[in-house]
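As a basis for the values below, the full set of heavy atoms in this structure was taken, side chains included, without hydrogen atoms, waters or symmetry mates. A, B, ... follow the sequence lines: proteins, then strands. Residue 1 opens every chain.
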Amino acid sequence: MNVLELSRWQFGITTVYHFLFVPITIGMAFLVAGFEAAWLRTGHERWLRLTKFYGTLFLINFALGVVTGIVQEFQFGMNWSEYSRYVGNIFGAPLAIEALLAFFLESTFLGLWIFGWDKLPARLHNACMWTVAVGTTLSAYFILVANSWMQHPVGYTYNAHKHIDELSNFLAVLFNPAQLAGFPHVIAGCFLTAGALVTGVAMWHLMRARGEKDGDGSTRTADIAAFRSAVKAGGITALAGAVVTIATGDIQGKLFTTRYQPMKMASAEALYHTAKPAPFSLLTIGTLNGSKPVFQITLPRLLSFLATGNWDATVRGIDNLQAHYSQVYGPGSYIPVVPVVYWSFRLMIGVGLLAALIALISLWSIRRGALPRYRWLAWPVIALPLLPLAANSFGWIMTETGRQPWLVYGQLKTSAGVSANSAGEVLASMIVLTLLYGVLAVIESGLLLKYIKAGLPAEPEPGEAGGPAETAALVY
Amino acid sequence: MHLSDLWFIAIAVLWAGYFVLEGFDFGVGILLPVLGRGDAGRRVMINAIGPVWDGNEVWLLTAGGATFAAFPFWYASMFSAFYLPLLIVLVALILRGVAFEFRGKRESARWRFRWDAALFLGSLIPAILWGVAFGNVLRGIPLNAAHNYTGNFFTLLNGYALLGGLATVTLFTLHGAVFLALKTTGDLRRRAAGLAWRIGVAAVLAGGGFLAWTEAAHRAPGHGGSTGAASVALAALAAVSLVGGVLASRAGREGLSFAGTAIAIVATTGALFTALYPRVLPSTVAPGYDLTVANAASAGQTLALMTVVAAIFLPLVLAYQGWTYWVFRKRIIAPPPAEAPAADRSVASS
């Protein structure tokens, strides 16, 4: 592999890995803050125990999110220095603002939350976690501003002398229409992810309690009550997240099909020839390189409706777009790897919907009686926290590979953005980071499972908020 | 003054903030095997920086992001040139970052020993490499006409830059020792203060030598006027406050000695940046290939935007980070010895 291919693989691996932790952090920050607020409001111990239980899972997850984020910021310069020069005027600004506005908030107030149980008044302590939640959301906003600009560049002028893009209108960059559709989509996905995690873990405990006929008295009853609350809170969060994800995904699909990146959407639907009306592909099997379809099952007119809201509208196809782009941008291929875009798009939707469905059944299953009604739910609830993680990854793979061969759409090709470093250097970094990330994934999973299995922390003594003062002072 | 000059100063401020704050975090990590007796003792050290280390590290991310936004050509050339050293720094920071959170999550002595090792190495390696990196920036690196690096990993390992690494690692270790003396009690406080004296001598020699070498040989040519004089003055201030900090530690004035090492680190960073100005990354191939404040900077619109954002939010960040230090202003008290698990004793002696 050459430097370009290695750099792309490294960026793909590190970014997908980083984004396993990000959505959990964003969604869980709100849920943990909400649990603590519920404790302050109602005084019920179960909310405090849920705060501590899910707070621990949140922190284990947060640690990896933070450290893998540093790699993200550095590798633009390390691996994509031509890109950094070309776009730094515009792309650098949201990154710097993200650090200044969001990273400082998150890290500082999380430190206060972790160590502040016995040092801050209860409401102020809770406010710290709300601040963390706001910080994570701001962080997502600014990094997605940067990504949206790559998908749909706005608010810039091209400086032909220096061969770079320069900022002309920051408000246009900040409120890019691609961003206004993409940001709620990602944030709703974060709530689906975190809600599914909270529900899945709580349901697992309830299913385990269901398996053991005789509980050991009052603690067990208290635990069941707490986990039922967690299933409700997490399940409703997940479903609300799913609804908004679907709605904003639909808006994005229409926006990109009709205006911003028709090639990406044509690839996602394996629509090779422009059609009026266009059929929806239920299954397309193409040649291995995706150059043409071999076998297709389609539903007539449906794609026209999904892509434009009109059953009769024209949808442009891959081959026709290729001919068009060759005229506009010069000779070359403007087609992404169609099978990757096509299948990641379908897997994103399918896996995400499956998660929402399991969350819905989980909610339904505890409607009556203390414990879930359906024995067969045992396996689905274990899968529940993992499905949105997969959906998130497929979504990013779809939208990033679907933009190829462009790095900045219509402006800069990926092949023109890479650093002049040697293939050996990039191979070394890719191997080191992949191995390190793999080892950390194993350790992280082990820790999460340990703390999930351990269950809720013991009920605190009456009148005592966070356990003995010593443990609060020496958290690490 | 151009906005690009202002942003050169802003980036110097961000690095200075990073080195002052993360400097003592690194120092504590480096001293973990030296001063940390038993699991309980090491926990006290780690918890002394526990609430603040992550916020301190954001100064690095902000410095990186600000360089990207304000000086894209500097960011691109420097990060791709220092590819392998930065990879090593990243691995170190990753291991160190997760070590804080993971270390206490299992009872096993072997588990904790491994994360303590990660904390130690994850602090030691960046503390050295940041100095090596700054030495190479000051000295210049082989950059071609396209501002791309033409050297290799070993080009970066020259005497001057290695002395820079020695300077930062001794400065940060001293800063950490002084911080521990300020933030802990009893035996640990006493031993940290005692060690500060010995590390102080090394820091004065390495730091003083590095600054003297910088002023003698690596100051921007043709700018011997105001910025050159400022660089010499800042280097002198660094030397005085460093010696003062060490002497204050000797005299048991813990607050004063911490102020001394903090000022020494800020002044050192200032001396390096003023010596560098108006270049940001000199080329050893030809002066015409130098990256400078002028040719590496973003256009006015980006710099104006960033100036407004920084003017609003940097004071806010300073306010709430300052408040955090106030909330956790008390000394960390070691738990009673019975708290330490018996199994840990063997690790402490190894």
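- Top candidate by heavy-atom pairs under 4.5 Å with chain B, chosen from A:L95, A:L59, A:L433, is A:L59.
- Most heavy-atom pairs under 4.5 Å with chain B, from the set A:S84, A:G111, A:A63, A:S168: that is A:S84.
- Cation-pi check for B:K105 over B:W115 is not met; the charged atom does not lie both under 6.0 angstrom from the ring centroid and within 45 degrees of its normal.
- Taking CD from A:E166 and OG from B:S298, the interatomic distance works out to 8.0 Å, rounded to the nearest 0.5 Å.
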Exercise. Please step through side chain to side chain contact (heavy atoms under 4.5 Å, CB included) for the pair B:W53 and B:L21, ending with a clear verdict.
Key: CA-CA 8 Å; B:W53 76 269; B:L21 295 172; over 6 Å; no
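- Using a 4.5 Å cut-off between heavy atoms, B:A146 contacts chain A through its backbone alone, with no side-chain atom that close.
- The distance from atom CG of B:D54 to atom CZ of A:F104, rounded to the nearest 0.5 Å, is 10.5 Å.
- Of the listed residues (B:L303, B:V52, B:I312, B:V317), the greatest number of heavy-atom pairs within a distance under 4.5 Å of chain A belongs to B:V317.
- Without hydrogens or angle criteria, A:S419 side chain to A:W80 main chain gives a donor-acceptor distance under 3.5 Å.
- Neither the backbone nor the side chain of B:T67 has a heavy atom closer than 4.5 Å to any heavy atom of chain A.
- Of the atoms belonging to A:E82, it is side-chain heavy atoms, and not backbone ones, that fall under 4.5 Å from chain B.
- Using modelled atom types, no side-chain atom of A:N421 and backbone atom of A:N79 make a donor-acceptor pair closer than 3.5 Å.
- Only the side chain of B:L305 comes within less than 4.5 Å of a heavy atom of chain A; its backbone N, CA, C and O stay farther away.
- Proximity to chain A (any heavy atom under 4.5 Å) is shown, for B:W74, by neither the backbone nor the side chain.
- Between chain A and the residues B:Y83, B:F313, B:F328, the largest count of heavy-atom pairs under 4.5 Å involves B:Y83.
- Using cut-offs of 30° and 60° for the angle between ring planes, the A:Y83 and A:F76 rings count as tilted.
- Look at A:D165 and A:R85 and you find no salt bridge, because none of the NZ, NE, NH1 or NH2 atoms lies under 4.0 Å from a carboxylate O.
- Both the backbone and the side chain of B:V327 come within less than 4.5 Å of a heavy atom in chain A.
- If you measure heavy-atom distances from A:F142 to chain B, you find no contacts under 4.5 Å at all.
- Contact annotation for B:A48: neither backbone nor side-chain heavy atoms come within less than 4.5 Å of a heavy atom of chain A.
- Checked against the 6.0 Å centroid criterion, the rings of A:F21 and A:Y17 qualify as a close aromatic pair.
- Taking B:L95, B:I46, B:V309, B:L93 one by one and counting their heavy-atom pairs under 4.5 Å with chain A, the maximum is reached by B:V309.
- Ranked by heavy-atom pairs under 4.5 Å with chain B, the first of A:T68, A:T108, A:T56 is A:T108.
- Among B:N56, B:T62, B:V58, the residue making the largest number of heavy-atom pairs under 4.5 Å with chain A is B:V58.
- Here A:L105 is the residue among A:L105, A:V432, A:L64 with the most heavy-atom pairs under 4.5 Å with chain B.
- With a 4.5 angstrom heavy-atom cutoff, A:L435 does not touch chain B via any of its atoms.
- For B:R96, no part lies under 4.5 angstrom from a heavy atom of chain A.
- Counting heavy-atom pairs closer than 4.5 Å to chain B, the top-ranked of the candidates A:A428, A:A99, A:A420 is A:A99.
- Of the listed residues (B:G50, B:A63, B:A296), the greatest number of heavy-atom pairs within a distance under 4.5 Å of chain A belongs to B:G50.
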Practice problem: Could you walk me through whether B:Y149 and B:L156 pass side chain to side chain contact (heavy atoms under 4.5 Å, CB included), step by step? | Solution: CA-CA 11 Å; B:Y149 183 61; B:L156 304 173; 3.4 Å; yes
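- In this pair, B:W323 and A:F109 present their aromatic rings tilted. The plane angle is within the 30 to 60° band.
- For the atom pair B:L60 CG and A:F103 CZ, the distance stands at 11.0 Å (nearest 0.5 Å).
- Residue B:L61 touches chain A through both its backbone and its side chain, counting heavy-atom pairs closer than 4.5 Å.
- Each of B:G104, B:A299, B:G97 has some count of heavy-atom pairs under 4.5 Å with chain A, and the biggest count is that of B:A299.
- Put simply, the side chain of A:Y86 never gets that close to the backbone of A:A416: no donor and acceptor are under 3.5 Å apart.
- In this structure, B:R329 satisfies the cation-pi test against B:W326, with its NZ or CZ atom closer than 6.0 Å to the six-membered ring centre and inside 45 degrees of the ring normal.
- For B:L316, no part lies under 4.5 angstrom from a heavy atom of chain A.
- Highest contact tally toward chain B, considering only A:V71, A:I97, A:L101, A:L436, is held by A:L101 [criterion: heavy-atom pairs under 4.5 Å].
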